[in-house]
Student: 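Below: one structure in structure tokens.
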There are 2 protein chains.
Amino acid sequence: MGHDSAGLLADEREIAYWDDVPGRTRGGRDVRKLPKFAPGGETRRDPLTGQVVVIAAGRQRRTLSSAGGDCPLCPSRPGAPSEVPAAEYDVAVFENRFPALGGPVGGRCEMVVFSSEHDRSVPELPDVRMETIGRAWADRTAALSGLPGVEQVFVFENRGERVGATLVHPHGQIYAYPYLPPVQTAVLASARAHLERHGECLLCSVTAVEAAGPRVVASSGNFVAYVPEAARWPFEVHIAPLSCVPDLPSLPDEERRELMLLYRDVLARFEALFPGGPTPYMACWHQAPVRHRDVLNHLYVQVFTTRRAADKWKYPASSESGAGAFLNDVLPEHAAARLREAYGKRER
Amino acid sequence: MGHDSAGLLADEREIAYWDDVPGRTRGGRDVRKLPKFAPGGETRRDPLTGQVVVIAAGRQRRTLSSAGGDCPLCPSRPGAPSEVPAAEYDVAVFENRFPALGGPVGGRCEMVVFSSEHDRSVPELPDVRMETIGRAWADRTAALSGLPGVEQVFVFENRGERVGATLVHPHGQIYAYPYLPPVQTAVLASARAHLERHGECLLCSVTAVEAAGPRVVASSGNFVAYVPEAARWPFEVHIAPLSCVPDLPSLPDEERRELMLLYRDVLARFEALFPGGPTPYMACWHQAPVRHRDVLNHLYVQVFTTRRAADKWKYPASSESGAGAFLNDVLPEHAAARLREAYGKRER
């Protein structure tokens, strides 16, 4: 759906390609001998918090970080087959070999490879590639939203070993959850209360206030990037459309391009924040839930890091992990100023 | 209240001591010149999740890990004053010099030092010290519960650099939150629903099921330690009384002793889990909220680690931190078996 080429991996997982320039045919035969793809796992409900936890014991054996030679995301070469059976590609999407979702759990986990070049980062990608990534994300969001039982399509990138990225090759992931995750459940409740009280979309109200406030980091015609007033993390930015847009598939090509370039700009600011190496980040696309769009219909992107200084990190310890109580050591207004200034510090 | 001696530090923070053997008088004069103690910070409410975030920018300058010589938790020596102006002590409790709570935020943060010996860990402490720690926690819980505006007294220990412990000297902390934190808010809602539906305390029901199930790790007459069915973390244990006990002050001395020894046993199992050094852990005492005890009146202790194998760690990345969706790679039944076997592996 929407992709430029598609195929199957040796264990019958699906793979698809999106190209910067149309007209290419990607993909060769995956020559590996792989055991049959059979995601295990189960969901259990925590009776104390009421929240779902996915138990996915099969993932303990998953591939860890690789320095280059045997990277599973690099293009396959003769004698060195990878997860991507193509000699070259722009953007490749395939089912995660060690998924937390899928099988008896329901839902699906996908890998999204942003470049065939092992040592790139998203801030280094050209405009056209950002467009291609946006198109791939939009197509996959539309397809995954239509799978039975899927409640939330969550596009994300964990960048840097420090935030658990087990592969350095530039890539993100998509989790199509078969349940509404806790954060989205909480936002939905807030959106419902706000709609009932004020007759307005919660995100529209918040975005309008932030767009006129002191914590704006960057903006374009239809989107604004800001540090939220009650940021949980030392450096955290939300990027949101000024008007109601539920998800990536709903954006006209030109606006999606605008958003992707602003997104890259924000990631570049994060990377440039501190001397001593790029700042690891997590980037989460909070698209509107598949259902409940009468109440919550407004996309936002959340980019954050656990780094609070060049050599200091925020550890989500007992207060955050045990009580859910976030303590932020960096004043959001200060973080916004730092992120505004970060641009240009980094060689591009 | 309940302590054996008490005094003031140079900046007028309170300090108190609890002794293994009664009749001692602890404490000397704090000779340091310290700036006036004036906690800053503020609370802000995240309009998306509805949750409170504490912004405590003053903490950026707080003391980091120290190897021994200038440890702020070791006893003060002539020419080397520490946070504890006593030549020796058993358990010392004082207000955190860099608190996230207090001042305009409300509430209070306290440090609890478990031993004057720098290189001890809780599993190494003798029975009598566990009793003294339990007594100090109970006394502080009672005192902090009576402070204006305090909604939750949260006793915890972050052990190991990997979970953000900035000091190696054996210590824990107490946060007296001026609001009900998100996890306790969620548990309260579940407890209310359970009470309405079944006429029974939620924790009583859960504990009874777990105590008779396959995930028990250890137990004593009045308490059981088990891996919860929907554990969020690779290794997670809950310790709970079999009948309704709201908090540490409510326990008779003999039962509090029993609980403290079972708690130490569980921590020892965590430490012994893997070769290559003790396993870092977080230990959170979920006492009943100060209010709402008609609905939620049952203490439990949560001990967990982000370590999932000798050289593998669970990173709370985008799914956990962005969506609140926990994916656990270790089957809880397997974790329980590992923790049952862990005892005795470690030299004591």
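Order of the sequence lines sets the chain letters (A, B, ...), proteins ahead of strands, with each chain counted from 1.
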Student: Among B:Cys284, B:Ala317, B:Gly41, who wins on heavy-atom pairs under 4.5 Å with chain A?
Tutor: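 Most heavy-atom pairs within the cutoff with chain A belong to B:Ala317.
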Student: Between atom CZ of B:Phe326 and atom CD of A:Gln51, what is the distance when rounded to the nearest 0.5 Å?
Tutor: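 Rounded to the nearest 0.5 Å, the CZ-CD separation comes to 8.5 Å.
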Student: Side chains of B:Arg44 and A:Pro332: does their closest heavy-atom pair fall under 4.5 Å?
Tutor: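 Yes, close enough: below the 4.5 Å cut-off.
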Student: Can you find a pair of side-chain heavy atoms, one from B:Leu331 and one from A:Ile55, that are under 4.5 Å apart?
Tutor: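 Yes - at least one pair of side-chain heavy atoms lies under 4.5 Å apart.
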Student: Side chain from CB out, backbone as N, CA, C, O: work out which of these in A:Val206 comes under 4.5 Å of a heavy atom of chain B, or both, or neither.
Tutor: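 For A:Val206, the contact with chain B is made by the side chain alone.
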Student: Is chain B contacted by the side chain of A:His194, its backbone, both, or neither, given a heavy-atom distance below 4.5 Å?
Tutor: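 No part of A:His194 comes within 4.5 Å of chain B.
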Student: What part of A:Gln302 is in contact with chain B, defined as an atom under 4.5 angstrom from a non-hydrogen atom: side chain, backbone, both or neither?
Tutor: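 Contact with chain B involves the side chain of A:Gln302 alone.
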Student: Counting only heavy atoms closer than 4.5 Å, note whether A:Glu333 contacts chain B via side chain, backbone, both or neither.
Tutor: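 It is the side chain, since no backbone atom gets that close.
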Student: Who among A:Pro181, A:Pro47, A:Pro182 has the most heavy-atom pairs with chain B under 4.5 Å?
Tutor: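 Winner by heavy-atom pair count: A:Pro182.
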Student: Side chain from CB out, backbone as N, CA, C, O: work out which of these in A:Pro228 comes under 4.5 Å of a heavy atom of chain B, or both, or neither.
Tutor: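 Contact with chain B: none, neither part.
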Student: Between A:Ser319, A:Ala186, A:Gly50, who has the most heavy-atom pairs with chain B when the cutoff is under 4.5 Å?
Tutor: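 Top count of heavy-atom pairs under 4.5 Å with chain B: A:Ser319.
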Student: So which residue, B:Leu188, B:Val187, B:Leu296, ends up with the most heavy-atom pairs under 4.5 Å with chain A?
Tutor: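 Winner by heavy-atom pair count: B:Val187.
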Student: Picking from A:Pro234, A:Ala230, A:Ala193, which has the most non-hydrogen pairs under 4.5 angstrom with chain B?
Tutor: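 The answer is A:Ala230.
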Student: Where is the tightest heavy-atom contact between A:Ala323 and B:Tyr177, given as atom of each residue plus distance?
Tutor: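 Smallest heavy-atom distance, with atoms named: CB-OH, 4.0 Å.
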Student: If you measure only the distance, is there a donor-acceptor pair under 3.5 Å linking the side chains of B:Arg232 and A:Thr49?
Tutor: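 There is such a pair (donor and acceptor under 3.5 Å, judged by atom type) between the side chains of B:Arg232 and A:Thr49.
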Student: With only heavy atoms counted, which part of A:Glu42 is less than 4.5 Å from chain B, the side chain, the backbone, both or neither?
Tutor: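 Contact with chain B: side chain only.
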Student: Who wins among B:Val52, B:Asp46, B:Val54, B:Thr43 for the most heavy-atom pairs under 4.5 Å with chain A?
Tutor: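 So the answer, after comparing B:Val52, B:Asp46, B:Val54, B:Thr43, is B:Val54.
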Student: Below 4.5 Å from any heavy atom of chain A, which atoms of B:His286 appear? Answer side chain, backbone, both or neither.
Tutor: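 The answer is the side chain of B:His286.
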Student: Below 4.5 Å from any heavy atom of chain B, which atoms of A:His238 appear? Answer side chain, backbone, both or neither.
Tutor: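 The side chain, not the backbone.
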Student: Could you check whether any side-chain N or O of A:Ser190 sits under 3.5 Å from a backbone N or O of B:Leu48, counting only pairs where one atom can act as donor and the other as acceptor?
Tutor: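 Checked: pair present.
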Student: Which answer fits A:Ala283, side chain, backbone, both or neither, if we ask what part of it has an atom under 4.5 Å from a heavy atom of chain B?
Tutor: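 Backbone only.
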Student: Counting only non-hydrogen atoms closer than 4.5 Å, does A:Leu203 touch chain B with its backbone (N, CA, C, O), its side chain (CB onward), both, or neither?
Tutor: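 Just its side chain gets close to chain B.
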Student: In terms of heavy-atom pairs under 4.5 Å, which option from A:Ala191, A:Pro316, A:Ser321 contacts chain B the most?
Tutor: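 Maximum pair count with chain B is reached by A:Ser321.
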Student: If you round to the nearest 0.5 Å, how far is OH of A:Tyr315 from CD of B:Glu161?
Tutor: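 One finds 6.0 Å between CD of B:Glu161 and OH of A:Tyr315.
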Student: To the nearest 0.5 Å, what is the distance between OG on A:Ser318 and OH on B:Tyr175?
Tutor: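 Rounded to the nearest 0.5 Å, the OG-OH separation comes out at 9.0 Å.
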